[in-house]
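Take a look at the structure below.
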Amino acid sequence: MHKYDHKKIEKKWQNIWEKKGVYHADDKSKKPKYYTLIEFPYPSGDGLHVGHPRPYIGMDVISRKRRMQGYNVLYPIGWDAFGLPTENYAIKTGKDPRVVTKKNTDTFRKQIKSLGVSFDWSREINTTDPKYYKWTQWIFLQFYKKGLAYKAKMTINWCPKDKIGLANEEVINGCCERCGTPVEKREKEQWMLGITKYAERLDKDLDTVDYLPQIKIGQRNWIGKSVGAEIEFKISSTNESIKVFTTRPDTIFGATFIALAPEVAKKITGKDFGIKVDTDRENKEKIGIDTGLKAKNPASGEQIPVFVVNYVSADYGTGAIMGVPAHDERDFEFAKKYNLPIIDVVIPIRVDNTNPHISGKKIVERKAVQAIIRNPKNGKILCLNWKAHPWTTFVVGGVEKGEDILEAARREVLEETGYKNIKFIRVLGGQVRSEFFAAHKDENRVAYFNAILFELENEDRIEVSREEIEKHEVVWKDPKDIRSDTMQCGELDIWLERLKNENAVNAENGILTNSGKFNGMDSENAKKEIIKFVGVEEKTTFKLRDWIFSRQRYWGEPIPIIHCSKCGMVPVPEKDLPVELPKVKNYQPTDSGESPLANISKWVNVKCPKCKGGALRETDTMPNWAGSSWYYLRYTDPKNKNAFADKKNLKYWTPVDWYNGGNEHTTLHLLYSRFWHKFLYDLKLVPTSEPYMKRTSHGMILGEGGVKMSKSVGNVINPNEIVKIYGADTMRVYEMFMGPFDQSVAWSDEAIIGPRRFLEKVWKLGELVEKNSVRVGARLRVKRRDFSLPDSTIAKLLNKTIKKVSEDIEAMHFNTAISAMMILATEMQKSESVSEKDFKMFLQILAPFAPHITEDLWQTLGEKKSIDLSVWPKWDENLIQDEEVTIIVQVNGKVRGQFKASVDISEAEAKSKAENLPEVRKWITTGVKRFVFIPRKLINIVV
RNA sequence: GCCCGAGUGGCGGAACUGGUAUACGCGCACGACUUAAAAUCGUGUCUCGCAAGGGAUGUGGGUUCGAUUCCCACCUCGGGCACCA
C-alpha cells in the first residue's frame, strides 16, 4: 500500500460520489425520511472562511450517520444572496449585484465542494433567482390578501447628506457610517407584517418543539408575553379617559400618578411636550412633565397627576402606565425625583424555615421594628447575641401603642444596648411580613417588620438594665458576617437588598395593605378581584411588535403591489409574478430616499391591473429575512413552476427534523420563519404548524487570538489552503475536534497537525490489517496475529467506543467522540494486530467525520459498496460491562488510596478492604465517624 | 441598560444525574531509530515542597461526607437587542 495521499483519494471519491449521486435525496422512498438543515450562507465577497463549514460539517456528521442508520436523508444547500453588503458594493463600484452574486456563489460552491459535505447539490437554491423570489412575492401577496401586510408610518434613520435610509448597523454613535453626518429620524410609510397576530401561538407552540432551552427562552423573551389588565383612568373635567396596561392590578391603590408615552400624550392633549423616548440602550435619567391633567384612580377614587415621560414606550401595551412607586423601581425613581407620594400596598412574606411555626401554639400578630445601626468608623453593625437561644439578631422589638416605628426603634436601642446617640439615616422601604416561632415568648409570631438604618454618632451609653443584660449580649459584627446563616432573621435577604440599593422596592407578590376592602388578600387573588372591581377583564400583552418589512433599497425582492390613483393599492396578479428587478445604472437611492427603482420610469409606470389606467409600481423591496423565512420549504421541490413546492413533497419531507444554526439567529430569523410557516399552515399550504422539530446552535470560529475573522482585520483563513496542505478529512476532523460545537473557538494553525497525525495512524492501521490478511475470493481473511477474540481488550474498547461515538454524535459532542476514536486507534496500533472485522467497524464510526479516507480503506479491504451504504454498527452490551472496577478511597474527601474489586462488592466487604489499605490506615487511627460508600466508584471515610 | 451563553495547565479543551480535576490534542523536554535532520515511536509535562504533605477549575461566600458541577453576590469576555446576516 502507498502513502496516505489526501489529494488523490479525496478528489477520486468526490468524483465517484457525484457521478453516482449518492447524496441525492429521493422524493419517493420506502425508507423513513430525515431532513437535516443548516442556515444557508450569505455569499459575501470575502469568500468562505474556515468558520463557515463548521456547522456544515457538524450536520454532515449527523446526516451521514442517519443514512447509515437507514434513513432517506435530505441535506440541502443554497444561497441567501439578497442583502446590504452586495448592494453597498454595487453602490461603490457600480457593478451589477447579479454579477457579483454569481461570482461569489461560484467561489463558495467550489470551496464547499472540496470539503466533501454530503449536500444534495441538485436542489441548490438562490433567493435572488427570479424563479425563487417569484414565490417569496407570492407568499407576500397571501399576507396582503389576509390583511397581514399593511402600510404604516414608522421612524427610520436618515442621513441628510447621503439622502439614504440607514440600517441600525450603519449608524455609528448617532452618525452615518459612511460620511459621519449626524443621523436624523424621519417618518416614512413602511410595509408592515402582522406578526403580533401570531404572538400567542408563537409562544405557546414552543412547548411542542425540541429546541435548546436557551433558544426557547430567547424566543419567549422576545415575544414578551405578559398577562395583566387594561384599566381606564377617567380624566377629570373631560369625558375622556386614559387606558393603562398593567401586570399588577393588585397594586392599583398604590398608583399615585399616570405616565404617558410622548406620542400618547400628544394624542390626548394635542400638545407636544418636547420629550422623546430614548432609543439609546444606556439607561438614561427619567424625565417627565406634568400635563396638568388629573386622573381618577378607579379603585381608590384619588385624583392623581398625569405626566409625559421618557421611559414609557408607545409601542408597548397602551403607551400609558399607572405609576406605582412603592412596587416598581422605575416608578420609584421617578416619584422620588418629582416628589410624588409613595404608598406601600403589598407586603412581601417571609417564613423562617430554621424557626418555623409550631402547630398548636397560639399565633400572635405584631407590629415590630428592626434597628440596623452602623458604626461609620469601622462599618460594623450592632447586633445582639441571645443568651437563652442560639440567635444573633439586629436590635429588634415591638412597636407599642401610640408609638411610631422611629420612636420604637430608638427606645429599643436605648433599652437593649444603652447607646444614646444614634442618627436616623433612612427607613428601608415598606413593611415585611415575617413568620417565625418566638421561643422566648413561646408563641407563633406573625410580625409586620419595618427596618430603619441608623448611624452611631458616639459611644455614649446609659447603663443597661440587669434584665436586658441577662437576655442578650451586645456585639458589633462585620458586615460580611451579616448573613442568613449567621443571623436569626427570616426576612434578612430583603433588608440586605434594601441596604445595598436605595432604590430597591418590593416588586414581589405578597399581602395587600392600604387597599381598602382588599387588605389582607394575597396578590394572586387580589389581581383577579381588583380587575373585577374596576370592571375590566384580564388582558394579555406582548413586547413583540409588527415587523417592518420594507426597505428603500435595490437588492431585494420588489414588493408586488401597484398603486393606482383610482383603485388604490392593487396586488400584482399572480400570472405576472415574478416582478423582476430591472437593471439600473445607479444603485444609490433617490434624493427623496426612495429605492433606486423609483428612477426607472419604464419600470415604475404600469397599467393598473384592475382599471387598466395609469398606475405606479411599489418601489420598496423586501428585507433579507424574506427569502430565508421559507427556503427550507423550497428545498423539498426546488424546481416547481406551479407552486412554491408540491404538496406531496411537503407532506413527505416536512417538518425539518433537525435545524442547526448560529446563536446569533435564534431570535429573529427563527421567529420570522416560524411566523411565515404558521401563516402558510393556516392557509393549508403546509402540513405542520411548526417548521423545525429540533433546533441546535453552533459557536463561531474566531481568528487566532480570539477575534472575529474578517477581511478588514486580515485574519481570514481560507479552508482551501488547509484542504490543500492537510486534506479535507483532516480539516473536518479538526473542526469537529477543536472544541465544543456550541461554543466559539479560536482557530489554531498549529493544532491541526494532531488530527492529521490521527488520520495517518488510521491509514497505517489499514496497511497493517491488509498485510495481515489474505484474500480468499472477494473476502479478506485474517492470516495471522489476530488477537481480537471476543473478550480481548481491543474488542471491548471498540464496543465502548461505538457506544460513545453513537451517543456523542446525537448530543453534538463531536470533540469527545473524536477523542475516543483517537484512544481506540492508539490502542489498536499498540496491539499491532487488529482483525479486519474490528477495523472495519472502526472505519464505519469514523466515516461521518472523515468520509474520504474511510471510504478508500473500506473499499481497499474488499468492500464493493460505499461505506455510506453500510449499516451503522451496534455495540454489544455484554462487551462493555466491566466485571472489575477501581474503587477510590478518600479520607475526609481527600484521595488516599484505591483498590480493585468486582462490581458487586458489598459495602461491608469494601469497608474492610478500604480500612486495611496501609496508605489509608494511617489516616483513620483517630476513629471512623462516618462511612460513605458509592458502589462501583468511591469510598469516603470521615474521621 | 435588558436577555442568553462562557470563564479549568503554556495553549484548544475533558470530567455522565454532586464522587480520582486536568481525558484527548497542540506545544515543550528527554530518549529510541538516523551519519544527520525531518517523520515516526516511547517517556515525562498544573503548582509549591528534599520529603511527608499542601494548594489550584474567574473572585468572595454558602450547602454537602464530598462541589468544575447546586445556591447567593461580584468581576471579565462573547452573542442578541427589531433596517447586518
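Sequence lines set the chain letters: A, B, ... in the order given, protein chains first and strands last, and positions in each chain run from 1. Keep in mind that what you see is a predicted model, and the values were worked out from it rather than measured. As a basis for the values below, the full set of heavy atoms in this structure was taken, side chains included, without hydrogen atoms, waters or symmetry mates.
Using a 4.0 Å heavy-atom cutoff across all strands shown, P740(A) reaches sugar-phosphate atoms only and no base atom. Counting non-hydrogen atoms under 4.0 angstrom, N940(A) reaches a base of the nucleic acid. Among the protein residues, G218(A) comes within range of no part of the nucleic acid, since none of its heavy atoms lies under 4.0 Å from any strand. Within the nucleic acid shown, Q214(A) comes within 4.0 Å of sugar-phosphate atoms alone, with no base atom in reach, counting heavy atoms only. Here F737(A) lies in heavy-atom contact (under 4.0 Å) with a base. No contact: I215(A) has no heavy atom under 4.0 Å from any strand. Within 4.0 Å (heavy atoms only), R896(A) reaches sugar-phosphate atoms of the nucleic acid but no base atom. Residue V932(A) is in base contact, counting any heavy-atom pair closer than 4.0 Å across all strands shown. L938(A) comes within contact range of at least one nucleobase, with a heavy-atom separation under 4.0 Å. Among the atoms of the strands shown, none is found under 4.0 Å from any heavy atom of E87(A). Within 4.0 Å of L544(A), counting heavy atoms only, lies at least one base atom of the nucleic acid. Heavy atoms of R553(A) sit nowhere under 4.0 angstrom from any nucleic acid atom. Using a 4.0 Å heavy-atom cutoff across all strands shown, Q552(A) reaches at least one base atom of the nucleic acid. Contact annotation for K929(A): no contact, since no heavy-atom pair falls under 4.0 Å across all strands.
Taking the ring centre of F931(A) as origin, the terminal cationic atom of K911(A) falls inside the region bounded by 6.0 Å and 45° from the ring axis. A cation-pi contact links R695(A) to Y659(A), judged by a cut-off of 6.0 Å to the six-membered ring centre and 45° from its axis.
Atom pair N624(A):CG and C83(B):P shows a separation of 12 Å (rounding to whole Å applied).
Looking only at atom types and distance, the side chain of Y311(A) has a donor-acceptor partner in the side chain of D331(A) under 3.5 Å away. A donor and an acceptor atom, one from each side chain of D808(A) and T816(A), are located under 3.5 Å apart.
Close to C65(B), at under 4.0 Å from its OP1 or OP2, lies a side-chain N or O of R930(A).
Within a 6.0 Å sphere centred on NE2 of H669(A), heavy atoms belonging to other residues, nucleotides or ligands number more than 12.
When the nucleotides C83(B), A52(B), G54(B) are ranked by their closest atom to the side chain of K922(A), A52(B) comes out on top.
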